[in-house]
Amino acid sequence: MIKLATLTFNPFAENTYILFDESKECVIVDAGCYTEQEQQTLAAFIAKNDLRPILALNTHGHVDHICGVEFVKRQWGVPFALHGNDKAILELAHCYAGMGFDVDSVPNVDIDLAETTDIQLVNSMLHILHTPGHTPGHVAIHVPEAELLLTGDLLFKESIGRTDLPGGDYPTLMNSIVERVIPLGSDTRIFPGHGPHSTVAHEVMFNPFIVEALRGDVNYKGGGTAHEN
């Protein structure tokens, strides 16, 4: 059975996730460890649990989600996976230096998630869902066996991701949520890039943006390409 650990890092209180199973292989999702102390915290968790990282996997390319990726690649010699539509977003990371980040370079992308729909741990499968809207190449990571979904900055508890940054689009984001997330089922647990976890059932009931969309007040039908993958 897959296990999920959460470590919260950097000035934006970003949730870094570690997915692992009984094989001890693990995937590090949205490595946001920025300071040396945060990097040591991640490394200590990996060592304590005797885990073997096989991949740095990102939901999207914003700086608060990628600022620890270079450390992960260097520390464990793993490839970096990001959707190709977010490579331009990744290259903008240096523009956020004034927001508490000092970014000299960005990590090279080794695996394009536009060409990958599944990632295999020894005993578990991670399914990649293209969920644009917050960024063009944003993805969510679904683990069907555990009924959990890592939503990055697409969907938060009772809120949604920003769409006013480069590449963002509100109808596209809502299309991703309604067409890709909600059909996963009410019991699916949602683990976002910031803040506490939730469930699909809770969001359908209490997320004002979703309530508005399902009521027909938002025209999201033509938004984006959330039907892909």
Side-chain angles (χ1 to χ4, degrees), residues 6-19 27-43 46 53-116 119 128-141 150-156 159-170 172-173 176 191-195 224-225:
T6 309
L7 299 174
T8 301
F9 294 133
N10 74 52
F12 287 129
E14 181 268 350
N15 292 330
T16 294
Y17 293 106
I18 301 98
L19 286 163
V27 171
I28 299 171
V29 179
D30 288 349
C33 45
Y34 178 64
T35 66
E36 183 177 351
Q37 181 177 359
E38 290 177 344
Q39 293 169 358
Q40 291 174 354
T41 296
L42 175 60
I46 297 296
I54 63 168
L55 183 67
L57 171 63
N58 266 57
T59 59
H60 64 293
H62 281 154
V63 65
D64 52 324
H65 291 254
I66 63 94
C67 56
V69 170
E70 194 61 54
F71 166 76
V72 170
K73 292 187 68 174
R74 182 176 65 250
Q75 181 78 6
W76 292 288
V78 299
F80 173 40
L82 181 77
H83 195 287
N85 289 0
D86 255 25
K87 288 182 180 178
I89 300 294
L90 184 67
E91 294 299 327
L92 291 174
H94 68 280
C95 296
Y96 296 92
M99 301 174 67
F101 294 93
D102 182 14
V103 180
D104 294 326
S105 62
V106 297
N108 291 325
V109 177
D110 305 297
I111 298 172
D112 186 345
L113 294 177
E115 304 168 358
T116 302
I119 294 172
I128 305 300
L129 304 176
H130 184 208
T131 53
H134 180 62
T135 64
H138 193 288
V139 302
I141 301 160
L150 306 186
T151 58
D153 286 3
L154 172 74
L155 176 63
F156 306 121
S159 189
I160 59 172
R162 294 176 62 173
T163 56
D164 59 337
L165 298 172
D169 183 76
Y170 179 72
T172 300
L173 182 140
S176 292
F191 293 86
H194 306 268
T225 55

Inset, instruction - Assess whether side chain to side chain donor-acceptor pair (under 3.5 Å) is satisfied between N15 and T6, documenting all intermediate values. - result: CA-CA 6 Å; N15 292 330; T6 309; over 6 Å; no
Check [X] against [Y] and note the closest heavy-atom contact, atom names and distance.
X    : Y    : result
F80  : N108 : CD2-O, 3.4 Å
L55  : A81  : CD1-CB, 4.0 Å
P136 : G167 : CD-O, 3.5 Å
G152 : D30  : CA-OD2, 4.4 Å
F12  : H194 : O-ND1, 2.9 Å
S176 : P132 : OG-O, 2.6 Å

Report yes if the side chains of [X] and [Y] come closer than 4.5 Å at any heavy-atom pair, otherwise no.
X    : Y    : value
Q39  : L42  : no
L129 : V139 : no
V29  : N58  : no
F9   : Y34  : no
I54  : W76  : no
H62  : I66  : no
D153 : P192 : no

If you round to the nearest 0.5 Å, how far is [atom2] of [Y] from [atom1] of [X]?
X    : Y    : atom1 : atom2 : value
I141 : Y17  : CD1   : OH    : 10.0 Å
D169 : D164 : CG    : CG    : 12.0 Å
E38  : T8   : CD    : OG1   : 9.5 Å
L82  : D110 : CG    : CG    : 10.5 Å
L57  : L113 : CG    : CG    : 6.0 Å
N10  : D64  : CG    : CG    : 5.5 Å

Legend entry - Candidate list L173, T172, I89, L154, test side chain to side chain contact (heavy atoms under 4.5 Å, CB included), partner H134, passing option: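 It is L173, the one option of L173, T172, I89, L154 that forms the side chain to side chain contact (heavy atoms under 4.5 Å, CB included) with H134.
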Legend entry - Qualifying residue for side chain to side chain contact (heavy atoms under 4.5 Å, CB included) with N85, from H60, H138, H130: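 So, applying the side chain to side chain contact (heavy atoms under 4.5 Å, CB included) to N85 and each of H60, H138, H130, only H130 qualifies.
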Inset, instruction - Kindly indicate, with the supporting measurements, whether the criterion side-chain contact (heavy atoms from CB on, under 4.5 Å) is fulfilled by L19 and L150. - result: CA-CA 10 Å; L19 286 163; L150 306 186; 3.9 Å; yes
Inset, instruction - Please assess T16 against E14 for the test side chain to side chain donor-acceptor pair (under 3.5 Å), listing each intermediate value before the final yes or no. - result: CA-CA 6 Å; T16 294; E14 181 268 350; 2.9 Å; yes
